[in-house]
Amino acid sequence: MITEIASKYDSSGVEDKWYEYWMKQGFFHSVPDQREPYCIVIPPPNVTGVLHMGHMLNNTIQDILVRRARMMGKNACWVPGTDHASIATEAKVVAKLKEEGIDKANLSREQFLGHAWEWKTKHGGIILDQLKKLGASCDWERTCFTMDEALYESVIDVFIDLYNKGLIYRGIRMVNWDPKALTAVSDEEVNHKEVNSKLYFVRYRVEGTPDEWVTIATTRPETILGDTAICVHPEDERYQHLLGKRILVPLISRSIPIIYDEYVDREFGTGALKVTPAHDINDYNLGLKYKLEVIDTFNPNGTMSEAARLFVGEDRFVVRKKITEELKNNGHIVKIEDYTNKVGYSERTDEVIEPRISVQWFMKMKELAKPALDLVEDDTILFHPSKYKNMYRHWMANVTDWCISRQLWWGQRIPAFYLPDGTFVVARSREEALAIANLNCKDQDSKFKLTDLKQDEDVLDTWFSSWLWPISVFDGIRKPDNPDIQYYYPTNDLITAPEIIFFWVARMIMAGWEYRKAIPFKNVYFTGIVRDKQGRKMSKSLGNSPEPLDLIRLNGADAVRVGMLLCSPAGNDLLYDDALIEQGRNFCNKLWNAMRLVKGWPVDDSMAQPDVNKVSVEWFDAAFNASLQNINALYDDYRLSEALMAAYKLVWDDFCSWFLEMIKPAYQHPIDRPTLEAAIGFFEKLIKVLHPFMPFITEEIWQILEERKTGESIMISSQPLPKDYDQGLIDKFGYAEEVIMAIRNARKEKNIPQKEAIRLFIRKNNNEAPDITYDSLVGKLATSVSLAMSKKKWMAAFHL
RNA sequence: GGGAGCAUAGCUCAGCCGGUUCAGAGCAUCUGCCUUACAAGCAGAGGGUCACAGGUUCGAAUCCUGUUGCUCCCA
């Protein structure tokens, strides 16, 4: 019998076979019913994304929770889907068109969107198919995309609603401008990096004097042409004599005032600050305070504008070099020092962000943030690990308005329609906008026509659709009373990365409260970042990221899942190492061979259960239940990797190393029926406990272990429930273990071969009757030991 | 510049309210075994002044203060 089953577990073939089976049986699909729901919405990956190690970890965790909930009798629903990722996807489509010799600028909006949808259809959702290889038990019939009609309309409805509530407004603000993507980005999309740069000390001549100068220090000499003031500290004695004077901007000799404000740090540089309201947020605020002129010297693409007067059309970084030369030649450079400072880079394009004045749409955050903060503070929503509460609190307390417009085409177009007079109407459609525009117009001739209306060209920030995700996937915005949203919302757990706690998590909580008066999820589990062995982030340029699908093909999804999870407690980074996957693979093999062993035993129905087997079964039953209670407690704490480790040790140590050895019949001897049945019963419970972690091999073993009917599956079976157990049995067995290990050790120290029998003398303890529960086991497991009671002192094990 | 967190075996971590699982786990290492389930295995073993310095206490890895080093978030 054993010879029929390979001694090494081979995942190939097994995994696809069972995934297809599960799909065919519809096990992943969920519809509302009488059971308690358990729901997770997937953090939607970018529509053009491909599976990377971070997804593997994140989705493995989701699958574990969903599969376990399903086996706990809940109606489990895991909603998959993808995000249109407006800026990232648009960048990819633009690049692809460029390769084909097509310039976006020469396309109409409709033509471009045609290309974008084509791209989406072709490449979109690849990642979802890849998730199937991982074993993800998503309800694929519910797959959503953030630009699906229902979700698109939900976004528009919410925009209109918030606009009508006065929470969305249009305003002139300084925004983070990405000169490469040619769009505004939110504060959260800017990464600050430390860079080595120069600090230029530039002297400006005081107007009306032949040789009186003010020296300022700047890291950005190219912005000098946009200066509209010089600012010094009001108490700085060095500059008191300049009161009321004016200064000339170098090279162009534009006359600008000198202003006095406490904002200036007297210690920094020379204590004099050049003020460029168009190109620095702090300068902008100073400009507002002193009503300074704003001279925008940059074009949207980061080249110098006409307003700069010099270097027009040249890139700002080229100009930095050129203007430095020019300033030098004209005697304006006092000195140049090395300097390190933080520079903002676009998260998407890695381009240096320029602060830029522009008209954008904003959302007021203060009002929405308040309840969202409270819900986390009072543990209505639980963060795992809880340390992220601090981070959350800090951000929510200092939240600023959210710039939600993006100068892109791929996304939900802002539903604002401009009238010829410059005013605008916010409405669901052009027709509706027209009706509103004409509402107060009695005179038939002066009424607006459809063609008078011009829709806003911009689209909404991607996160303005993802923040509705837990609601919109159930169409809960458009149809707030539909059975799905009523049943599945609030969802249970959200599994995500801490880096999007503000982008996404915080805003979902706000949207949930605003539109459902209910939290979007009860628990948030923050995963760590997958890094390489040296702790570096996985990246394409480093080439340190393994290809997930290759890992699965080579080792099996179960091995990959186990390997990744074993070393990733919530919130801790995971240092990826091939050895982890190997450990997972070895564990699969261990399970496989345990199955081979148990299935290989011939059974003798006439045989009575030997005492040694009876006590073994009783002990393991106790050990199993003790461990199961522990595992369940770890799940409750969201300590999934520890739960897996506990199950791992239960199987490997308790079940395989101890229990199976205890009941193992001598070679070619049969086992008694009650013991075999107990063993198979235990085995079945164990693989059920393991199923959420390793879905494929547990299904394979479960199907081999006993005859199953079509339509049966471990994934829809029930998790074993912990029973009361006798701790005394476990303790007593602990002593037996110690004795056995001591004997094995003695045998080894004295070089006594396994086959050679030894006799162990045990000193009787006073008058108490000795406990002989495990004596027979000691004889069996320490191999070739016979026990004898002695009143003499215990001497040592010795040869017979 | 503001805030948060971390420092325990070679590596990754667990040790929450200070004292009966208090120095632990997995991996790695070393030694001996191809013992009829598994060498992707079995049986053993070694390994830590719990970052440093003070303090509180009968008692500190655990609480307090300071120092050093690292990480993350925000500006």
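Below, all heavy atoms of this structure are taken into account, side chains as well, without hydrogens, waters or symmetry copies. To find a chain, count down the sequence lines: A is the first, B the second, and so on, and within it residues start at 1.
A:Asn398 has no side-chain polar atom (N or O) that falls below the 4.0 Å cut-off from OP1 or OP2 of B:A75. Taking 4.0 angstrom as the limit, A:Arg531 places none of its side-chain polar atoms (N or O) nearer than this to OP1 or OP2 of B:U71. Close to B:C72, at under 4.0 Å from its OP1 or OP2, lies no side-chain N or O of A:Lys387. Proximity of A:Trp652 to the phosphate of B:C42: a side-chain N or O atom is located under 4.0 Å from OP1 or OP2.
Here the P atom of nucleotide B:C70 and the CG atom of A:Leu575 are 18 Å apart, to the nearest Å. The distance from atom NZ of A:Lys664 to atom P of B:A43 is 10 Å, rounded to the nearest whole Å. The interatomic distance linking A:Asp731 (CG) with B:U21 (P) rounds to 12 Å, in whole Å. The interatomic distance linking A:Glu582 (CD) with B:U12 (P) rounds to 19 Å, in whole Å. If you take CG of A:Asp532 and P of B:U12, they are 12 Å apart, rounded to a whole angstrom. Atom NE2 in A:His384 sits roughly 15 Å away from atom C1' in B:C16 (whole-Å rounding). In this structure, A:Tyr388 atom OH and B:A4 atom C1' are separated by 11 Å, rounded to whole Å. In this structure, A:Asp577 atom CG and B:C27 atom C1' are separated by 9 Å, rounded to whole Å.
A:Tyr648 comes within 4.0 angstrom of the backbone, heavy atoms only, and of no base. Within the 4.0 angstrom heavy-atom criterion, base atoms lie near A:Cys656. Using a 4.0 Å heavy-atom criterion, one finds that A:Ala594 contacts the bases of the nucleic acid, with or without backbone contacts as well. Residue A:Asn390 is in sugar-phosphate contact alone, with no base atom involved, counting any heavy-atom pair closer than 4.0 Å across all strands shown.
Using bins of under 30°, 30° to 60° and over 60° for the plane-to-plane angle, the ring pair A:Tyr648/A:Trp652 lands in the tilted bin.
Donor-acceptor pairing under 3.5 Å, judged by distance alone, is absent between the side chain of A:Glu661 and the base of B:A43.
Pairing of B:U56, defined by two Watson-Crick or G-U wobble distances under 3.5 Å, is not identified with any nucleotide. Judged by Watson-Crick or G-U wobble contacts below 3.5 Å, the nucleotide B:A9 has no partner. Using the Watson-Crick or G-U wobble rule with both distances under 3.5 Å, B:C22 pairs with nothing in any strand shown. The partner of B:C42 is B:G32, judged by Watson-Crick or G-U wobble contacts that both fall below 3.5 Å. As the counterpart of B:C17, no nucleotide is assigned, since no Watson-Crick or G-U wobble pattern has both distances under 3.5 Å.
Taking the six-membered ring where the residue is Trp, the centroids of A:Phe683 and A:Phe655 are separated by under 6.0 Å. Between A:Tyr388 and A:Phe383, a ring centre-to-centre spacing not shorter than 6.0 Å is recorded.
In summary, of the residues considered (A:His279, A:Lys274, A:Glu354), a side chain to side chain donor-acceptor pair (under 3.5 Å) with A:Thr223 occurs for A:Lys274 alone.
Counted within 6.0 Å of NZ on A:Lys389, heavy atoms from surrounding residues, nucleotides or ligands total more than 12; the atom is thus considered enclosed. When the shell of 6.0 Å around CG of A:Asn398 is examined, it contains more than 12 heavy atoms from other residues, nucleotides or ligands.
With a glycosidic angle no more than 90° from 0, B:U21 adopts the syn conformation.
Geometrically, A:Arg356 engages A:Trp177 in a cation-pi contact defined by less than 6.0 Å to the ring centre and at most 45° from the axis.
Comparing A:Tyr667 and A:Arg639 along RNA chain B, the residue whose closest nucleotide (by nearest heavy atom) sits nearer the 5' end is A:Arg639.
Judged purely by atom type and a 3.5 angstrom limit, A:Asn555 uses its side chain to pair as donor or acceptor with the backbone of A:Leu551.
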Can you pull every protein N or O that's under 3.5 Å from an N or O on nucleotides 22-25 of chain B?
from, atom 1, to, atom 2, distance (Å)
B:A25, O2', A:Lys649, NZ, 2.9

